[in-house]
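Heads up, the thing below is written out as structure tokens.
Every chain is numbered from 1 and lettered A, B, ... according to where its sequence line falls, protein lines coming before strand lines.
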Amino acid sequence: MDPRFRGEFVSYRWNWGILWDLSPDGQLTYFGTLLAGLKWTMLTAIGAWAIALVMGSLVGVARTLPNRWAQRAASAYVELFRNTPLLMQLFLWYFILPELLPHDWGTWMKSLRNAPLYTAIIGLGLYSSARVAEQVRAGISSLSHGQGLAGQALGFTTGQVYRYVLLPMAYRIILPPLTSEFLNTIKNTSVALTIGLLELTARARAMQEFSFQIFEAFTVATLLYLVLNLVVVACMRRLERAVALPGYITAQPAKA
Amino acid sequence: MHRRLLAASVTLGLLASLLAAGPACAQAALDGTLKKIKDSGAITLGYRESSVPFSFLDDSQKPVGYALEICMKVVDAVKRELKLDKLTVNMAPVTSATRIPLIANGTVDLECGSTTNNAERQKQVAFTNTHFLTASRMVAKKASKIVKIDDLKGKNVVSTSGTTNIKQLNDVNVQRNLGVNILPAKDHAEAFLMVETDRAAAFVMDDILLAGLVAASKTPDAYVIPDDAFSTPEPYAIMLRRDDAAFKAVVDKATADFYRSPEGARLYDKWFMQPIPLHGLTLHVPMSPALKKAFANPSDSGDPASY
């Protein structure tokens with residue numbers, strides 16, 4: 001290829017007006033379909049994040065428990081979910097699992113409406129939970145050993161030590177990486193287009209396929225992701241400040 | 001606070017330059033593809049990796065196919081037109097997501113595949129004469145006893161996301177009040193997998209692509225493609241850059257001459273009736289009356305009603 005012709009858009013026709021044209025579904029404009037996609041993205045991300053937090057906390061705590069077997073089971077869970085590609089996991093949940101179940105259950109699963117949404121929420125939730133678990137474990141490990149012992153000295157049970165001593169500090173410490181993890185979860189929802197979820201990236205692809213206005217479609221989709229994530233970042237900053245303890249190594253009140 | 005403002009203004013600035021670059025660069029289109037081919041001594045054909053039998057990788061991973069052979073006829077014509085002794089033919093793989101940018105930025109000169117020609121797309125690219133006509137049909141398992149569109153009532157039906165087919169399925173679903181649950185799949189292979197695993201009762205797609213998927217499946221006899229169609233036949237054509245009248249004239253004449261000659265029908269027979277170099281498949285799709293007409297009177301119209 002002659003370098004003179006590379007990288008230079010010799011014939012792309014920009015048409016931002018396309019966003020306000022009616023999309024082929026006959027009801028929404030193209031921009032409307034992207035917003036509808038954003039709604040599915042948010043729904044998937046929030047559902048997956050809820051699972052990730054609950055499962056991640058349980059597994060993360062289990063990795064720090066004195067019980068060997070709990071530690072091993074939790075380690076196996078983490079290594080399984082974080083060391084296989086998310087795409088493979090979604091495919092396994094969506095295509096393979098129903099074939100392994102008893103026939104009637106499989107058929108029921110396959111005929112579910114919104115099956116891609118449920119699959120995406122559960123699949124992405126479990127994948128992210130492994131990563132959250134590692135952060136919870138790191139948060140707990142970062143606390144001085146004496147804190148747990150002090151709790152025990154006061155007569156707390158193991159559960160009470162975690163509930164009242166370790167976890168309140170650990171969560172404060174890991175809030176910044178948890179924010180990143182939530183942002184990752186939001187961006188990872190785009191993988192769900194491979195199992196037919198009509199989220200934001202899928203809508204952008206559909207828009208370019210119908211209209212051939214590929215750059216407009218993906219520019220707007222990129223901006224929507226960016227705005228959504230900036231909103232999340234802003235909210236998490238506020239949360240960090242709200243729960244910050246003076247004198248501890250968590251977020252300080254902003255100086256500006 | 002200042003840092004945040006700075007970051008925001010940098011982002012906006014980048015965006016603004018991106019937008020401004022659009023119309024400015026469009027001016028360069030006047031260069032013309034013929035000049036580009038003459039200067040560089042090369043032409044680049046875009047091929048699809050799995051659009052059987054139009055453009056695909058054969059058993060030895062070489063791009064081949066019906067549309068690619070038509071493109072080679074065009075290459076010969078361009079070579080004659082420019083009086084070149086030697087013209088290098090480069091091959092570039094394209095997907096439905098990359099074909100527009102690659103055509104637009106000059107990487108690919110002709111897209112040789114199974115791209116539908118329609119009015120909306122003509123606002124962005126140009127198409128030469130139609131080389132195939134396809135209608136939206138469905139494939140279902142014979143065991144499911146689906147023989148017409150109304151049999152889909154209340155069932156899960158899959159189609160590939162972002163295709164005109166899923167739109168037609170949607171339209172028919174609304175018009176006939178079928179209550180079909182439409183599942184979008186990422187690509188054709190995955191959509192077919194959904195029918196294979198009973199995730200969906202049927203897969204709606206261009207009939208020729210369905211014929212290819214059935215022929216390549218483990219049990220071709222288990223599937224049926226009912227005649228009932230979701231659309232009138234739509235034209236497939238080779239895609240090129242818009243607003244390049246000189247190049248389009250050469251391409252149009254080359255394809256029209258080829259379709260009218262006996263060679264056109266022979267090439268069709270080779271790819272649609274004979275075994276093709278992909279696991280020895282044979283598609284068994286005879287030339288439709290509409291396509292016979294379109295070969296006798298070549299047309300680059302994107303309007304299905306004109307065929």
Side-chain angles (χ1 to χ4, degrees), chain A residues 1-16 18 21 23-27 91 94-96 98-99 106-107 109-116 192-198 202-216 218-219 222-223 226 230 254-256, chain B residues 1-2 11 15 18-19 21-23 25-26 28-29 31 33 36 39-42 44 90 92 96-101 103-107 120-125 155-156 158 161-164 166-167 170-171 174 181 183-187 190-191 193-194 197-200 241-244:
Chain A
M1 185 77 226
D2 188 313
R4 274 173 301 167
F5 303 115
R6 273 213 174 268
E8 185 182 305
F9 289 85
V10 292
S11 81
Y12 190 78
R13 301 180 143 247
W14 290 86
N15 174 18
W16 290 97
I18 188 78
D21 286 0
S23 76
D25 74 8
Q27 285 153 11
F91 270 41
Y94 193 66
F95 285 114
I96 313 292
E99 305 302 321
T107 315
M109 270 182 84
K110 288 190 278 195
S111 58
L112 264 184
R113 295 219 163 196
N114 288 331
L193 76 88
T194 56
I195 55 167
L197 186 70
L198 277 180
R203 301 285 182 145
R205 280 167 56 128
M207 176 178 164
Q208 80 90 8
E209 193 77 23
F210 286 126
S211 67
F212 274 24
Q213 299 294 343
I214 181 169
F215 296 115
E216 291 85 343
F218 281 98
T219 304
T222 306
L223 289 176
L226 188 65
L230 288 177
K255 289 200 180 88
Chain B
M1 213 56 216
H2 285 293
T11 316
L15 196 67
L18 185 73
L19 305 190
C25 287
D31 268 10
T33 306
K36 168 177 173 284
D39 291 350
S40 62
T44 306
N90 297 320
S96 59
T98 62
R99 59 190 168 184
I100 298 300
I103 282 267
N105 76 3
T107 306
E120 182 140 23
R121 289 172 169 188
Q122 283 178 14
K123 289 180 196 158
Q124 185 64 261
V125 292
K155 296 218 157 72
N156 280 335
V158 64
S161 70
T163 57
T164 40
I166 202 166
K167 170 186 182 301
N170 200 27
D171 292 349
V174 173
N181 182 30
L183 303 170
K186 175 179 60 94
D187 56 33
E190 194 191 301
L193 179 65
M194 290 210 194
T197 57
D198 297 313
R199 274 239 169 228
R241 270 181 291 283
R242 222 190 103 110
D243 300 330
D244 191 345

> Looking at B/Ala97 and A/Ile214, what are the two nearest heavy atoms and their distance?
Replying inline: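 Minimum heavy-atom contact is O-CD1, 2.9 Å.
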
> If every non-hydrogen atom of B/Thr197 is compared with every non-hydrogen atom of A/Lys110, which pair is closest and at what distance?
Replying inline: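 Shortest heavy-atom contact: O-NZ, 2.7 Å.
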
> Looking at B/Asp171, B/Leu193, B/Leu183, B/Val174, which has the largest count of heavy-atom pairs under 4.5 Å with chain A?
Replying inline: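 So the answer, after comparing B/Asp171, B/Leu193, B/Leu183, B/Val174, is B/Leu193.
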
> So how far is it from A/Asn15 CG to B/Gln124 CD, rounded to the nearest 0.5 Å?
Replying inline: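 Rounded to the nearest 0.5 Å, the CG-CD separation comes to 8.5 Å.
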
> Measuring heavy-atom distances to chain B, does A/Leu198 have an atom under 4.5 Å in its side chain, in its backbone, in both, or in neither?
Replying inline: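 Side chain of A/Leu198 only, per the 4.5 Å heavy-atom cut-off to chain B.
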
>> Need one label for A/Ile195: side chain, backbone, both or neither, based on atoms under 4.5 Å from any heavy atom in chain B.
In response: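 Contact with chain B: backbone only.
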
Side chain of [X], backbone of [Y]: donor and acceptor closer than 3.5 Å?
| X | Y | result |
| --- | --- | --- |
| B/Arg199 | A/Tyr94 | yes |
| B/Lys123 | A/Gln213 | no |
| B/Asp198 | A/Thr107 | no |

> Could you go step by step and tell me if B/Arg99 and A/Glu209 meet the salt bridge (Lys or Arg N to Asp or Glu O under 4.0 Å) rule?
Replying inline: CA-CA 10 Å; B/Arg99 59 190 168 184; A/Glu209 193 77 23; 2.7 Å; yes

>> Less than 4.5 Å apart, side chain to side chain, heavy atoms only: is that true for A/Phe210 and B/Arg121?
In response: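 When only atoms from C-beta onward are counted, B/Arg121 and A/Phe210 do not touch, as no gap falls below 4.5 Å.
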
>> Is the shortest side-chain heavy-atom distance between B/Asp243 and A/Arg13 below 4.5 Å?
In response: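 Yes - at least one pair of side-chain heavy atoms lies under 4.5 Å apart.
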
> Among A/Arg205, A/Gln208, A/Met109, which residue forms the greatest number of heavy-atom pairs with chain B at distances under 4.5 Å?
Replying inline: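 Sorted descending by pairs with chain B, the first entry is A/Gln208.
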
>> Among B/Val125, B/Ile100, B/Asn105, B/Ile103, which residue satisfies the side-chain contact (heavy atoms from CB on, under 4.5 Å) criterion with A/Tyr12?
In response: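 Considering B/Val125, B/Ile100, B/Asn105, B/Ile103, a side-chain contact (heavy atoms from CB on, under 4.5 Å) with A/Tyr12 is found only for B/Ile100.
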
> Checking heavy atoms, do the side chain of B/Asn181, its backbone, both or neither come under 4.5 Å from chain A?
Replying inline: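 Both backbone and side chain.
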
